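Quick notes on the structure that follows.
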Number of protein chains: 2
Amino acid sequence: MCWPTVVGMPLKNHPAPASAPAAADAPAPRRSDATRTAILAAARERFAADGYERATIRAIAKDARIDPSMVMRYYGSKEGLFAAVLDVDLRLPDPAAVDPHDVGRVLVSHFLDLWEENEVLTAMLRVGVTNQTGAERMQGIFRDQLSPVVQRTCPDPEQAPTRAALCASQLLGLALARYVLRIEPAVALHRQEIVAWLGPTVQRYLTAPNP
Amino acid sequence: MCWPTVVGMPLKNHPAPASAPAAADAPAPRRSDATRTAILAAARERFAADGYERATIRAIAKDARIDPSMVMRYYGSKEGLFAAVLDVDLRLPDPAAVDPHDVGRVLVSHFLDLWEENEVLTAMLRVGVTNQTGAERMQGIFRDQLSPVVQRTCPDPEQAPTRAALCASQLLGLALARYVLRIEPAVALHRQEIVAWLGPTVQRYLTAPNP
DNA sequence: CAGCGATGTCAACCTATGTTGGCAAACAAG
DNA sequence: CTTGTTTGCCAACATAGGTTGACATCGCTG
């Protein structure tokens, strides 16, 4: 019988069952890797464009030019596929490495890069809004990636969660208006305008004394 | 045969077909009005809680303690029901009536009221993110209700759309984090904290000179 | 009471979709 | 070449959900 594959380990895109004890960390490439990544890419686009429910496995499979049953074999279920898509690393900059007066602007700029480099974040937001799993994933990213960085930036570590939440509200709100709802003037904004307007806001949420 | 009812006029919750030319503006109350509003209330909650796809007509009907086919009779289709739910009036205050230095705080405060008075806005956001109709409705509200108010507040009317979009990004972002994604610290924030933090931000987006 | 529209229930249809199992072709090992 | 494994496709199942049409009931009107 073939592998029950990825079921049970949906968090990493390239599992390494290590059938032969060859190199301790070489992922033992399989012939089907191309298919796997094709599925993942198609899924990312569909989830980003349609959200969880409307992104059908059949449509994703069609985009990836394979049979729907392949999705099941390699990712176990629709939930599993979705979990594999959402393996996101924000690669946030180390606040210690940037001018303390520029943290706001740097953060905004970095987020714009993230949203525009591919559609993972759009997918996560679209799904997170109607899907429990997606919402939890976003909470996790907030907690594990944004909050710690904010903690090393703001004056009183006590307030880090609150300040991080305020930053998140502004950054997510822009993404929502610009990339998801496509509210016209938000789409029309130029990159440097966004940085110039939101940078000080985020900066204030990070470092200003309590209002 | 009974009425093809609301189909084709989904925008108002209480249509007035005026079968008898009684009073020119009395909506001619029907015996079924209770059912209609029950459906609407149940639909609002379901759409708010589950989004468009997962909010099934069957579930809504069950909540309203009626048969699914009634929903079809009174609202024509699921889309029609949804359109009826989203008849939203933000009742934004006239900016001329408030202290120009307080517009930001007043707006934030007003939005908090709106989000907490019932679940219509949550429903609209949840649906707008995955549903074209919903997104268009949000764009419409932005254009017809928020933008005009901003126009009468900000210095250069040219910039009104941009400034309105910035305000929307912050207000929607907070709602997203607090009421939809339920990011913990955003939920924990007290009302006056939100007003104190976001008020100045919105104020700046409205009236500050170009950054 | 008879007739009629409005209101409500029930059962069924039809499509879309997640999911499963069997089978064929490609490929690697012996 | 033979055998076992991997990769892929196809057909089918089961279910859920929007939608429809037939029928019962109620309340009003003549």
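Note that the coordinates shown come from a computational prediction; the quantities given were computed from them, not determined experimentally. All chains are named by letter (A, B, ...) in the order of the sequence lines, taking the proteins before the strands, and each is independently numbered beginning at 1.
- Across the interface with DNA chain C, nearest-nucleotide mapping of A/Arg31 and A/Arg58 shows A/Arg58 to be the residue nearer the 5′ end.
- Salt bridge annotation for B/Glu119-B/Arg126: absent, with no cationic side-chain nitrogen under 4.0 angstrom from a carboxylate oxygen.
- When only modelled atom types and interatomic distance are considered, B/Thr133 and B/Glu79 share a side-chain donor-acceptor pair under 3.5 Å.
- Atom CD1 of A/Ile57 is separated from atom P of D/dT15 by 18 Å (rounded to the nearest Å).
- One finds no salt bridge joining A/Asp63 and A/Arg44 here, because no Lys/Arg side-chain nitrogen approaches an Asp/Glu carboxylate oxygen to under 4.0 Å.
- With rounding to whole Å, B/Arg36 atom CZ is found 6 Å from C/dT7 atom P.
- OP1 or OP2 of D/dG18 has not a single side-chain nitrogen or oxygen of B/Ser77 nearer than 4.0 Å.
- A sub-4.0 Å separation between OP1 or OP2 of C/dA6 and a side-chain N or O of B/Ser32 is absent.
- B/Tyr74 places none of its side-chain heavy atoms less than 4.5 Å from the side chain of B/Leu81.
- Between the C1' atom of D/dT19 and the CG atom of B/Leu81 lies a distance of 14 Å, rounded to the nearest Å.
- Remark: the A/Arg204 side chain and the B/Thr201 side chain contain an N/O donor-acceptor pair separated by less than 3.5 Å.
- Checking the phosphate oxygens (OP1, OP2) of C/dA6, no side-chain nitrogen or oxygen of B/Tyr74 falls inside 4.0 Å.
- Between the side chains of A/Ser109 and A/Arg191, at least one donor N or O lies within less than 3.5 Å of an accepting N or O.
- At a non-hydrogen distance threshold of 4.0 Å, nothing from residues 45-53 of chain A comes into contact with DNA chain D.
- In this structure, CZ on A/Arg163 lies 12.0 Å from CD on A/Glu158, to the nearest 0.5 angstrom.
- Listed by residue number, the members of residues 60-70 of chain B with any heavy atom below 4.0 angstrom from DNA chain C are B/Ile66, B/Asp67, B/Ser69, B/Met70.
- Below 30°, between 30° and 60°, or above 60°: for B/Tyr52 and B/Phe47 the angle between ring planes is below 30°, a parallel geometry.
- Here D/dC10 presents its P atom at 14 Å from CZ of A/Arg73, a figure rounded to the nearest Å.
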